[in-house]
Amino acid sequence: MNLLPKTISCSTTLASRNLALYCASSSCIDRTKCRKFHFSSPSRTPGDIICPSLVQGIDYIRDPRLNKGLAFTLEERQALGIHGLMPPKFKTQEEQLEVCRFSVMKYQEDLNKFLYLTELQDRNERLYFRLLNENIHMLLPIVYTPTVGLACQKFGLIFRRPRGLFITINDKGYIYDLLKNWPEPNVRAIVVTDGERILGLGDLGACGMGIPVGKLSLYTALAGIKPHQCLPITLDVGTNNEQLLEDPLYIGLRQKRISGPLYDEFINEFMEALVKRYGQNVLIQFEDFGNHNAFRFLAMFRDKYCTFNDDIQGTASVAVGGLLTARRLTKKRISDSTFLFLGAGEAAIGIANLTVRAMLTEGCSLEEARSKIWMMDIDGLLVKDRPEGNLQGDKAFYAKDHKVMKSLLEVVKEIQPTILIGAAAAAGAFNKDVLEHVASYCEKPIIFALSNPTIKAECTAEQAYTYTQGRCIFASGSPFPDVTINGRTITPGQGNNAYIFPGVALGVISTGIHHITEDLFLIASQELANFVTEEDLERGSIYPPLNLIKDCSLQIAIKIAEYAYEKGIASHYPEPKDKKKFIESQMYDFNYDNPLPPKYSWPEEKEPIKSKSIHDLTGDHLKKH
Ligand SMILES: NC(=O)C1=CN([C@@H]2O[C@H](COP(=O)(O)OP(=O)(O)OC[C@H]3O[C@@H](n4cnc5c(N)ncnc54)[C@H](OP(=O)(O)O)[C@@H]3O)[C@@H](O)[C@H]2O)C=CC1
Ligand SMILES: CC(=O)C(=O)O
Ligand SMILES: [Mg+2]
């Protein structure tokens, strides 16, 4: 029985996955009404919902954007033509969330939890995002590091349903046409990888798609950026991972990576195609590219497009946020410290450069600030005359006039760092000897083991606290459980760019910033630091609890908006007076939509079936029919 009034029913021949696009096109025969409906909901902006008159019956269940499962009310089920297509039970979204929480937790294996959540996202989008939004502490380790790393490693095996765009080197010359296959026309944010450096796991080729998908899930769950505005992309230019090349389950191009001019032409075409398709303001977040391309692409594109590299800039921002907070515990300025980085790559150099900026604000000179930062890479300490060279790019800023040194422990003994930062994916490098030695001369050493996933961390939280007698200030890229030491339970903070990129993206998108400057990341660091309470510090954490990331993201976005209007880099005018309200008005609503038109009325000749309370509908009414 379909009681949907004929007056609001238009074409039914549409592919349900292409509805928003279709609705915006002139061929929608009931376009006026569709548009009216789009604009009618005060909490939604145009394009937020799919034109209801273009979908019929079972599509409401099949389309994850529309599906509410058992939360469809009786009126909705009847009006939409889905009555009888599901069991007669009615549930609230809250009841559904309870079932989801139970279902996730009943799995022993994290990968199974990941698969459950992926399936939920494919089935009921609002439920998925609300579940993430309200249970981030429990689910961040599943949709993000560490489990997302495992999911990427097993991608060929667990691949069920595609999500995001795969653009291969063979599509060169046709990238714009390929982008047109993506059904959503209003994309505002893209996370792109070429899979060359997935977390600390190396080259995973096309299996790296888990990362853009996971990062964009956080765009929505942690910053309310609407799912249809987000597009995950994997650029498949081959892989140098021999194991994958030989793996029959590998889902990417079975060839070695393309590099050189061909790759550059490809990436340039890609960037141009994105802007042609989605406009100059589309935000493009680079994620997990190999080191040699990450820095190059950032330099090539940062003044031309709306782009940033999360591994370089987002990581820098979260680490500096932690350092700003740690000042409250050490009672020292950042510039009073001696830094030693293990790793001199994207994350480490990004952090070093932003730390220098932070030190400048403390009154240091550039030279003085850089002199406080020592770095080690695969060839040992960055010193000016080392035989290997390997001092390209910004590494040169931190290379010292010093003898060649290879051993971390020897370097620690020599320079006596008070801040030790690991971003080398060198698991266990901060061993007992290293940590005990740091603790021997420093009362409150800062130890950041930032490498992901957990198996790549330079040390565990337990090791850090144990070997420093519970005195260190510790943070890690992936989560570690609480540690009890000397009768005190310490909750380690998670120094992960997830605290930064959702808020930065929200601020940039909502104000229409064209180019993302370093200042925005220092603003984000400061806002993150402001969020940390005395209670957090007492628990031993220099970051706010994970369930506050969403509040933190909004605050970062507000500050970025204020800055953008003050500096004249916003393109959305007129300037909104109330920035918070303005940003919130653009954010995703995690609650279900009402799929019925606002002025919905039952056809006169048919009496509507009186709905009982959604909880007590047992089927009695059905007997009368
Ligand atoms: N917590 C967070 O939010 C983030 C964490 N990360 C993590 O940081 C790690 C590194 O990422 P990223 O900087 O992008 O990678 P890069 O490849 O850019 O850098 C790795 C650096 O580590 C050096 N290195 C490798 N092995 C050793 C070793 N055994 N001893 C000393 N140095 C070594 C490399 O040396 P060389 O320069 O000579 O090659 C390079 O400088 C990854 O595990 C990643 O997951 C990254 C981004 C965000
Ligand atoms: C967190 C992150 O971006 C990384 O490990 O690459
Ligand atoms: Mg990354």
Side-chain angles (χ1 to χ4, degrees), residues 140-141 143-146 148-149 152 191-204 208 210-212 214-215 218 285-296 298 308-322 340-352 374-382 386 388-396 398-399 405-409 411 420-431 434 448-458 475-480 493-502 528 543:
L140 193 68
V143 296
Y144 196 57
T145 182
V148 72
C152 288
V191 176
V192 58
T193 189
D194 75 349
E196 190 170 6
R197 194 287 276 141
I198 293 299
L199 307 177
L201 301 169
D203 184 348
L204 296 186
I211 296 294
K215 293 266 175 186
L218 302 190
Q285 171 174 333
F286 278 73
E287 195 68 52
D288 291 11
F289 278 71
N291 180 296
H292 58 118
N293 285 327
F295 286 104
R296 235 162 39 87
L298 181 60
F308 72 102
N309 182 300
D310 186 40
D311 299 298
I312 301 172
Q313 298 167 287
T315 315
S317 184
V318 75
V320 170
L340 176 60
F341 284 83
L342 188 70
E346 299 170 48
I349 290 285
I351 298 168
W374 297 71
M375 302 189 103
M376 295 182 74
D377 65 8
I378 196 86
D379 295 319
L381 193 62
L382 300 198
R386 64 180 185 176
E388 299 86 359
N390 189 9
L391 291 174
Q392 66 283 12
D394 291 2
K395 274 185 181 180
Y398 303 101
M405 295 187 83
K406 302 278 182 195
S407 145
L408 173 62
L409 181 59
V411 175
L420 196 54
I421 298 182
F430 296 172
N431 59 27
V434 167
F448 287 176
L450 298 182
S451 293
N452 297 316
T454 319
I455 47 162
K456 295 291 178 181
E458 284 73 15
S476 54
S478 297
F480 280 109
Q494 192 175 341
N496 193 293
N497 50 34
Y499 276 102
I500 302 296
F501 68 80
L528 176 59
Y543 292 107

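As the structure lists them, so they are numbered: ligands from 1, and atoms in each ligand from 1. If you read the sequence from its start, that first residue is 1, and numbering goes on from there.
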*Working for side chain to side chain contact (heavy atoms under 4.5 Å, CB included), residues M376 and L408*: CA-CA 8 Å; M376 295 182 74; L408 173 62; 3.8 Å; yes

*Answer yes when D379 and K395 have at least one side-chain N-carboxylate O distance shorter than 4.0 Å, and no when they do not.*
no

*For atom 25 (C) of ligand 1, find the nearest protein heavy atom and state the residue, atom name and distance (0.1 Å precision).*
A424 O, 3.6 Å

*Within the structure, does D311 bring an N/O atom to less than 3.5 angstrom of an N/O atom in ligand 2?*
yes

*Counting only heavy atoms, which portion of N496 has something under 4.0 Å from ligand 2: side chain, backbone, both, or neither?*
side chain

*Under 4.0 Å from a heavy atom of D311: give me the atoms of ligand 1 that qualify, with their elements.*
47 (C)

*asked:* Main chain of E287, side chain of D311: is a donor-acceptor contact present, judged purely on distance under 3.5 Å?
replied: no

*Among the heavy atoms of N496, does any lie under 4.0 Å from an atom of ligand 1?*
yes

*Say whether V318 and ligand 1 are in contact under the criterion: heavy-atom distance to a ligand atom below 4.0 Å.*
no

*asked:* Give me the nearest non-hydrogen protein atom to atom 13 (O) of ligand 1 as residue plus atom name, then the distance to 0.1 Å.
replied: A347 N, 2.9 Å

*Look at atom 5 (C) of ligand 1 and find which of I378, L450, D310 reaches it with the closest heavy atom.*
L450

*Nearest neighbour in protein (non-hydrogen) for atom 9 (C) of ligand 1*: S451 OG, 3.6 Å

*Identify, for atom 23 (C) of ligand 1, the protein heavy atom at the shortest distance, and state residue, atom and that distance.*
G343 CA, 3.9 Å

*asked:* Looking at D194 and F289, would you say the former's side chain and the latter's main chain have a donor-acceptor pair under 3.5 Å?
replied: no

*Point-to-point distance, once rounded to the nearest 0.5 Å, from CG of N497 to CD1 of I312*: 11.5 Å

*Please state which protein non-hydrogen atom is closest to atom 31 (C) of ligand 1 and give its distance, to 0.1 Å?*
D377 O, 3.3 Å

*Do H292 and E196 get their side chains close enough for a donor-acceptor pair, meaning under 3.5 Å?*
yes

*Should you measure from each heavy atom of K215, which atoms of ligand 2 turn up under 4.0 Å away?*
1 (C), 2 (C), 3 (O)

*asked:* Under a 4.0 angstrom heavy-atom cut-off, which atoms of ligand 1 come close to G200?
replied: 42 (C), 43 (O), 45 (O)

*Answer yes or no for K456: is there a heavy-atom contact with ligand 1 below 4.0 Å?*
no

*If you count the atoms of ligand 2 from 1 in the order shown, which ones are under 4.0 Å from a heavy atom of L199?*
4 (C), 5 (O), 6 (O)

_Any donor-acceptor N/O pair, S476 side chain to F448 backbone, under 3.5 Å_ = no

_Taking 4.0 angstrom as the limit and counting only heavy atoms of R197, give me the atoms of ligand 2 inside it, by number and element._
6 (O)

*Mind running side chain to side chain contact (heavy atoms under 4.5 Å, CB included) on L199 and K456 for me, showing each step along the way?*
CA-CA 9 Å; L199 307 177; K456 295 291 178 181; over 6 Å; no

_Show me which atoms of ligand 1 lie under 4.0 Å from any heavy atom of A344._
21 (C), 40 (C), 41 (O)

*Please check if the side chain of N496 supplies one atom and the backbone of G477 the other of a donor-acceptor pair under 3.5 Å.*
yes

*ligand 2 contacted by D288 (non-hydrogen, < 4.0 Å)*: yes

_Tell me if a side-chain donor or acceptor on R386 pairs with a main-chain N or O of G380 at a distance below 3.5 Å._
yes

*asked:* Return the closest protein heavy atom for atom 10 (C) of ligand 1 as residue, atom name and distance.
replied: A423 O, 3.4 Å

*asked:* Can you tell me how far apart SG (C152) and CD1 (I211) are? Round to the nearest 0.5 Å.
replied: 4.5 Å

*Considering heavy atoms of the protein only, find what lies nearest to atom 19 (O) of ligand 1 and give residue, atom and distance to 0.1 Å.*
G345 CA, 3.3 Å

*Which of the ligand 1 atoms, numbered from 1, are nearer than 4.0 Å to a heavy atom of G477*: 1 (N)

*Hey, is L342 touching ligand 1 through its side chain, its backbone, both or neither, going by heavy atoms under 4.0 Å?*
side chain

_Among the N, O or S atoms of E287, which one sits nearest to the Mg ion (ligand 3)?_
OE2

*Looking at L381, D394, L340, I349, which hits side-chain contact (heavy atoms from CB on, under 4.5 Å) with M375?*
I349

*Can you tell me how far CG of L298 sits from CZ of F286, rounded to the nearest 0.5 angstrom?*
8.5 Å

*Relative to the heavy atoms of N291, which atoms of ligand 1 are at a distance of less than 4.0 Å?*
16 (P), 18 (O)

*Report the nearest protein non-hydrogen atom to atom 1 (C) of ligand 2: residue, atom name, distance rounded to 0.1 Å.*
N452 ND2, 3.3 Å

*Answer side chain, backbone, both or neither: which part of E346 comes under 4.0 Å from ligand 1, heavy atoms only.*
both

*Heavy-atom contacts under 4.0 Å between T315 and ligand 1: side chain, backbone, both, or neither?*
side chain

*Give the contacting part of K456 toward ligand 2: side chain, backbone, both or neither, where contact means a heavy-atom distance below 4.0 Å.*
neither

_Name, closest N/O/S atom of D311 to the Mg ion (ligand 3)_ = OD1

*Does the side chain of L201 reach to within under 4.5 Å of the side chain of P453, using non-hydrogen atoms?*
yes

*For V143 and L218, run side chain to side chain contact (heavy atoms under 4.5 Å, CB included): C-alpha distance rounded to whole Å, both residues' side-chain angles, the deciding distance at 0.1 Å, then the answer.*
CA-CA 9 Å; V143 296; L218 302 190; 4.2 Å; yes

*OG1 of T145 to CG of N452: how many Å apart, nearest 0.5 Å?*
4.0 Å

*asked:* Nearest N/O/S atom of D288 with respect to the Mg ion (ligand 3), by atom name, please.
replied: OD1

*asked:* Show the atoms of ligand 1 that are less than 4.0 angstrom away from any heavy atom in G495.
replied: 1 (N), 2 (C), 3 (O)

*asked:* Would I500 and Q313 count as a side chain to side chain contact (heavy atoms under 4.5 Å, CB included) here? Give the steps.
replied: CA-CA 9 Å; I500 302 296; Q313 298 167 287; over 6 Å; no

*Considering only the protein, which heavy-atom contact is closest to atom 46 (C) of ligand 1, and what is its distance?*
R197 NH2, 3.6 Å

*In Å, rounded to the nearest 0.5 Å, how long is the span from CZ of F501 to CD of Q285?*
5.5 Å

_Working to the nearest 0.5 angstrom, can you tell me the gap between R296 CZ and N291 CG?_
11.0 Å

*Ligand-residue contact atoms, ligand 1 with K395, heavy atoms, under 4.0 Å*: 36 (P), 37 (O), 38 (O)

*Region of Y144 engaging ligand 2 - heavy atom pairs below 4.0 Å*: side chain

